[in-house]
Amino acid sequence: MRLKGKKAIVTGAAQGIGLAIAQRYVEEGASVLMSDINADLLATQARRLGMPWQVTDVRKSGSVQELISKAVQSLGGLDIMVSNAGIVNPPASFLELEESVFDHVMETNLKSQFLCGQAAARAMVAAGTKGVIINMSSVNARLAIPTMTPYAVSKAGSTQLTNVMALSLAEHGIRVVAIGPGTILTDLAREVIMRDEATRRSVMSRTPMRRTGEPEEVAAIAVFLASSDASYITGQTIYADGGRLGLNYTVPVDDI
């Protein structure tokens, strides 16, 4: 077990990538405080894994501090903070994008990582813990989609926030890293992508491996980054994208 005895928080843990990370961490021997804003779904999944949970609005500093305090109290400390909670914006052209939508996405995707990272780091420093903070970024930190302005900007900010945090916290022995997934077949992606042939072909045509990723594949990276095997890695974003970032053309798409 690569994370035996470790204490972790995973936000956005009720479904998708966050749930896959929480489950894999438990399998690897960690105790996990699962967090999400969806109370019912969170409680169901946490009970299934036998782990504690905390309903959290990661956009609010008070709610985040309650989450960190519960981890320290219920788990006995904090070694790993996974800031996974995030949303995508409804597609909109730049000219039509509403300010409220931009603000909501930035608060949920980027401000939340600042709040969670700072609160977790303060708890780690106070306890003398050489912990790990993992932020969830995206290939859209580097690849722009014109109808997804706030999402792309928030993920680009996440990548730079990760670097700044890593430099600031290195002296305390705290590593900060990020994961930048490509198209991962969560329930939401399955509904949006796989049910529309034009969308599926568009996604596959820019993915050299010619398939989507699975949440479990992202979870495996989160285990590696949190483990001692990654002890000299900090400030980096690991992209799991099936080769998408390196592609400068399109590839043939198989019919299904």
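All of these numbers come straight from a predicted model, not from anything done at the bench.
Here Tyr239 contributes atom OH and Ser137 contributes atom OG; the two are 5.0 Å apart, rounded to the nearest 0.5 Å. Rounding to the nearest 0.5 Å places CD1 of Ile134 at 10.5 Å from CZ of Phe224. To the nearest 0.5 Å, atoms NZ (Lys6) and CG (Leu75) are separated by 13.5 Å. One distance of note links OG1 of Thr147 with CG of Leu97; it measures 10.0 Å at 0.5 Å rounding. A distance of 8.0 Å separates CG in Leu19 from CG in Leu41, rounded to the nearest 0.5 Å. Distance check, rounded to the nearest 0.5 Å: OG1 of Thr162 to CD of Gln236 gives 10.0 Å.
Looking only at side-chain heavy atoms (C-beta outward), Leu143 and Arg206 stay at 4.5 Å or farther from each other. Inter-residue side-chain proximity for Leu3 and Ser227 is flagged as met; some heavy-atom pair is nearer than 4.5 Å. Contact of the Gln23 side chain with the Arg48 side chain is registered, since non-hydrogen atoms from C-beta on lie closer than 4.5 Å. At least one side-chain heavy atom of Trp53 sits less than 4.5 Å from a side-chain heavy atom of Arg47. Using a 4.5 Å heavy-atom threshold, the side chains of Met136 and Ile21 count as touching.
Between Gly117 and Met165, the closest heavy-atom pair is CA-CE, 3.7 Å. Nearest heavy-atom pair, Ala46 versus Pro52, reported as atom, atom and distance to 0.1 Å: CB-O, 4.4 Å. Minimum heavy-atom separation, Ser63 to Val55: OG-O, 4.4 Å. Of all heavy-atom pairs spanning Ala166 and Thr234, the tightest one is CB-OG1, 3.4 Å. Between Val64 and Ala119, the shortest heavy-atom contact is CG1-CB, 4.0 Å. The two atoms that bring Ile68 and Leu78 nearest to each other are CD1-CD2, 4.2 Å, heavy atoms only.
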- request: I would like to know whether Leu161 and Leu110 meet side-chain contact (heavy atoms from CB on, under 4.5 Å); could you show each step before the answer?
  value: CA-CA 8 Å; Leu161 176 64; Leu110 183 55; 4.1 Å; yes

message: If you apply the rule side-chain contact (heavy atoms from CB on, under 4.5 Å), what do you find for Leu49 with Val32, and how did you get there?
response: CA-CA 9 Å; Leu49 295 180; Val32 181; over 6 Å; no

- prompt: After noting the C-alpha distance and the side-chain angles of Thr159 and Arg142, does the key distance pass the side-chain contact (heavy atoms from CB on, under 4.5 Å) rule?
  reply: CA-CA 9 Å; Thr159 297; Arg142 292 173 57 184; over 6 Å; no

- request: Verify side-chain contact (heavy atoms from CB on, under 4.5 Å) between Arg210 and Val253, making sure each step is shown before the conclusion.
  value: CA-CA 7 Å; Arg210 305 186 190 186; Val253 178; over 6 Å; no

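Note on residues 84-107: no pairs pass salt bridge (charged side-chain N to carboxylate O under 4.0 Å, His left out), not counting sequence neighbours. Screening residues 52-78 for salt bridge (charged side-chain N to carboxylate O under 4.0 Å, His left out) gives Asp57-Arg59 as the qualifying pairs, with residues at least two apart or on separate chains. Screening residues 23-34 for salt bridge (charged side-chain N to carboxylate O under 4.0 Å, His left out) gives Arg24-Glu28 as the qualifying pairs, with residues at least two apart or on separate chains. Every pair passing salt bridge (charged side-chain N to carboxylate O under 4.0 Å, His left out) that includes a residue from residues 217-239 is listed here, sequence neighbours excluded: Arg2-Asp229, Arg211-Glu217.
Put simply, the side chain of Ser138 gets close to the backbone of Asn140: a donor and an acceptor are under 3.5 Å apart. The backbone N or O of Ala198 sits nowhere less than 3.5 Å from a side-chain atom of Ser202 that would complete a donor-acceptor pair. Here the side chain of Thr207 pairs no donor or acceptor atom with the backbone of Arg244 at under 3.5 angstrom. A donor-acceptor pair under 3.5 Å is formed between the side chain of Tyr25 and the backbone N or O of Ala222.
Applying the side chain to side chain donor-acceptor pair (under 3.5 Å) rule to Ser158 yields the partners Gln113; only residues at least two apart in sequence or on another chain are considered. For Asp241, the side chain to side chain donor-acceptor pair (under 3.5 Å) criterion is met by no residue, not counting sequence neighbours. For Asp79, the salt bridge (charged side-chain N to carboxylate O under 4.0 Å, His left out) test picks out no residue, with sequence neighbours left out. Thr44 meets the side-chain contact (heavy atoms from CB on, under 4.5 Å) test with no other residue; sequence neighbours excluded. Annotation: salt bridge (charged side-chain N to carboxylate O under 4.0 Å, His left out) contacts of Arg122 (sequence neighbours excluded): none. Residues satisfying the side-chain contact (heavy atoms from CB on, under 4.5 Å) criterion with Thr212, sequence neighbours excluded, are Thr183, Leu185, Met204.
Residue Ile184 is not grouped with residue Val203 when hydrophobic side chains (ILVMFWY) are merged at heavy-atom distances under 4.5 angstrom, including chains of intermediate members. Following chains of ILVMFWY side-chain contacts shorter than 4.5 Å, one can reach Met81 starting from Leu33, so the two form part of one hydrophobic cluster. Hydrophobic clustering (side-chain heavy atoms under 4.5 Å, transitive across Ile, Leu, Val, Met, Phe, Trp, Tyr) groups Val26 together with Ile221. Under a hydrophobic clustering in which Ile, Leu, Val, Met, Phe, Trp and Tyr are joined whenever their side-chain heavy atoms come within less than 4.5 Å, directly or via other members, Ile133 and Ile238 fall into different clusters. Hydrophobic clustering, with ILVMFWY side chains joined whenever heavy atoms are under 4.5 angstrom apart, keeps Ile179 apart from Val176.
When the shell of 6.0 Å around NZ of Lys7 is examined, it contains more than 12 heavy atoms from other residues, nucleotides or ligands.
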Pairs under 3.5 angstrom only: tabulate donor-acceptor contacts from the side chains of residues 8-17 to other protein residues two or more places apart or in another chain.
{"unit_1": "Thr11", "atom_1": "OG1", "unit_2": "Val82", "atom_2": "O", "d": "3.4"}
{"unit_1": "Thr11", "atom_1": "OG1", "unit_2": "Asn84", "atom_2": "N", "d": "2.9"}
{"unit_1": "Thr11", "atom_1": "OG1", "unit_2": "Ala85", "atom_2": "N", "d": "3.0"}

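Hydrophobic cluster of Leu247: the remaining members, joined at side-chain heavy-atom separations below 4.5 Å, are Tyr249, Val251, listed by chain and number.
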